[in-house]
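Taking it in order: structure first as structure tokens, then the write-up.
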Amino acid sequence: MELARRLCVMRLGRCVRPLPTRRWYATEAAAVSGNELVLTFSTPSELHYNRSLEVQQVDVPTTDGIVGILAKHVPVIGVLAPGLMTVHEKGGANKQFFVSSGSLAVNEDSTVQVLAEEAVPVEQLDADETRKAMDEIRQGLASAADEKAKTEAEIQIGLCEAVLVALGSK
């Protein structure tokens, strides 16, 4: 009984075993040194970059303007604005995506998370189709019955305008 008392601590009427005193340490260093940009970029339905080390810079549209992110960038949290996001890869290739909204987190260790509600590669966008869609939405806006329908139409028109700006053809 004496041994059981030494091994247990009484708390709130229960016997709780003490935590083990043995410590476990990492056997290898973390893969991220902070000297390289590590990008994770995804939407709810697609993962574009998963902790990729092949990225040199990311230009992200935010509510405060376009933010260019390199390794060792100051930590920041931001809100994405509709616009063009450019990923500059180490091999010299640039990939562009239109993002509608979302969030951005830049951490001290040079890891970056971009979580977009929607992201479409620019080459999949069509200016003519966007203009047609915008015309249809404007017609719906004119006949909208309530404030909710009007607000939704105005948001969609704003997104279409942002797509056209991103494509360089407003």
Side-chain angles (χ1 to χ4, degrees), residues 26 28-138 140-141 144 146-170:
E28 53 187 80
V32 179
S33 65
N35 294 325
E36 294 185 276
L37 185 68
V38 180
L39 176 64
T40 300
F41 170 43
S42 68
T43 67
S45 61
E46 189 171 2
L47 181 62
H48 295 282
Y49 289 87
N50 185 15
R51 295 190 51 82
S52 176
L53 292 169
E54 299 303 314
V55 176
Q56 182 176 351
Q57 178 178 340
V58 183
D59 298 329
V60 184
T62 70
T63 54
D64 294 323
I66 295 177
V67 176
I69 302 164
L70 296 164
K72 297 188 177 186
H73 191 283
V74 64
V76 67
I77 295 176
V79 177
L80 299 182
L84 195 60
M85 178 177 139
T86 305
V87 178
H88 304 274
E89 295 183 344
K90 287 184 179 175
N94 293 334
K95 293 187 179 176
Q96 295 184 315
F97 300 86
F98 179 81
V99 293
S100 62
S101 62
S103 64
L104 160 72
V106 180
N107 304 300
E108 248 181 68
D109 62 357
S110 294
T111 57
V112 177
Q113 294 83 32
V114 179
L115 307 172
E117 186 174 330
E118 297 173 302
V120 179
V122 171
E123 58 271 5
Q124 294 180 10
L125 297 174
D126 184 305
D128 293 332
E129 289 296 321
T130 303
R131 283 189 198 93
K132 288 178 191 174
M134 193 162 56
D135 290 341
E136 291 174 11
I137 296 165
R138 282 192 173 128
L141 176 61
D146 60 1
E147 285 300 312
K148 180 182 177 196
K150 287 180 183 177
T151 302
E152 288 174 351
E154 289 170 353
I155 291 169
Q156 291 175 346
I157 289 170
L159 282 173
C160 289
E161 289 173 345
V163 167
L164 292 174
V165 167
L167 292 173
S169 58
K170 178 144 179 165

- Is there side-chain contact between V163 and M134, with at least one heavy-atom pair below 4.5 Å? no

- Query: Going from CD on E129 to SG on C160, what distance comes out if it is rounded to the nearest 0.5 angstrom?
  - Reply: 11.0 Å

- Candidate pair V76 and V67, rule side chain to side chain contact (heavy atoms under 4.5 Å, CB included), full reasoning: CA-CA 10 Å; V76 67; V67 176; 5.5 Å; no

- Query: Is D135 paired with K132 through a side-chain N to carboxylate O contact shorter than 4.0 Å?
  - Reply: no

- Message: Can you list everything that forms a ring pair (Phe, Tyr, Trp, His ring centres under 6.0 Å) with F41? Sequence neighbours excluded, please.
- Response: H48, F97

- Query: Without hydrogens or angle criteria, can the side chains of Q57 and D59 be said to hold a donor-acceptor pair below 3.5 Å?
  - Reply: yes

- Would you check, one step at a time, whether the test side chain to side chain contact (heavy atoms under 4.5 Å, CB included) holds for L80 with V60? CA-CA 7 Å; L80 299 182; V60 184; 3.1 Å; yes

- Item | Rounded distance [0.5 Å steps], CZ in R131 versus CG in D126 | 9.0 Å

- Query: Does a salt bridge link E54 with K95, judged by any charged N lying under 4.0 Å from a carboxylate O?
  - Reply: no

- Decide yes or no for L37 and I69: does some side-chain heavy atom of the first lie under 4.5 Å from some side-chain heavy atom of the second? yes

- Closest heavy-atom pair, F98 versus L125, reported as atoms and distance to 0.1 Å, is CB-CD1, 3.7 Å

- Task: Locate the shortest heavy-atom distance separating E89 from N94; write the atom from each residue and the value.
- Result: N-OD1, 4.4 Å

- Item | Value rounded to 0.5 Å, distance of OH in Y49 from OG1 in T40 | 12.0 Å

- Flag side-chain contact, heavy atom, 4.5 Å: S103 against V79: no

- Item | Pair E117-S100, side-chain donor/acceptor within less than 3.5 Å | no

- Decide if atom CG of L70 counts as having more than 12 heavy atoms of other residues, nucleotides or ligands within a radius under 6.0 Å. yes

- Message: Do V114 and L39 have side chains that approach each other closer than 4.5 Å (heavy atoms only, starting at C-beta)?
- Response: yes

- Message: According to side chain to side chain contact (heavy atoms under 4.5 Å, CB included), who are the partners of N50, at least two apart in sequence or on a separate chain?
- Response: L47

- Note on the structure: Closest heavy-atom pair, L164 versus A127, reported as atoms and distance to 0.1 Å, is CD2-O, 3.7 Å

- Message: Could you check whether any side-chain N or O of T43 sits under 3.5 Å from a backbone N or O of E118, counting only pairs where one atom can act as donor and the other as acceptor?
- Response: no

- Using a 4.5 Å cut-off on heavy atoms from C-beta on, say whether the side chain of S110 contacts that of H73. no

Throw together a table of side-chain donor-acceptor distances under 3.5 angstrom for residues 147-159, partners on residues two or more places apart or in other chains.
residue, atom, partner, partner atom, Å
T151, OG1, E147, O, 2.9

- Item | Where A119 and A116 come nearest, the two heavy atoms and their spacing | CB-CB, 4.3 Å

- Message: Nearest 0.5 angstrom please: L84 CG to I66 CD1, how far?
- Response: 7.5 Å

- Say whether D109 and T111, considering side chains only, have a donor N or O and an acceptor N or O under 3.5 Å apart. yes

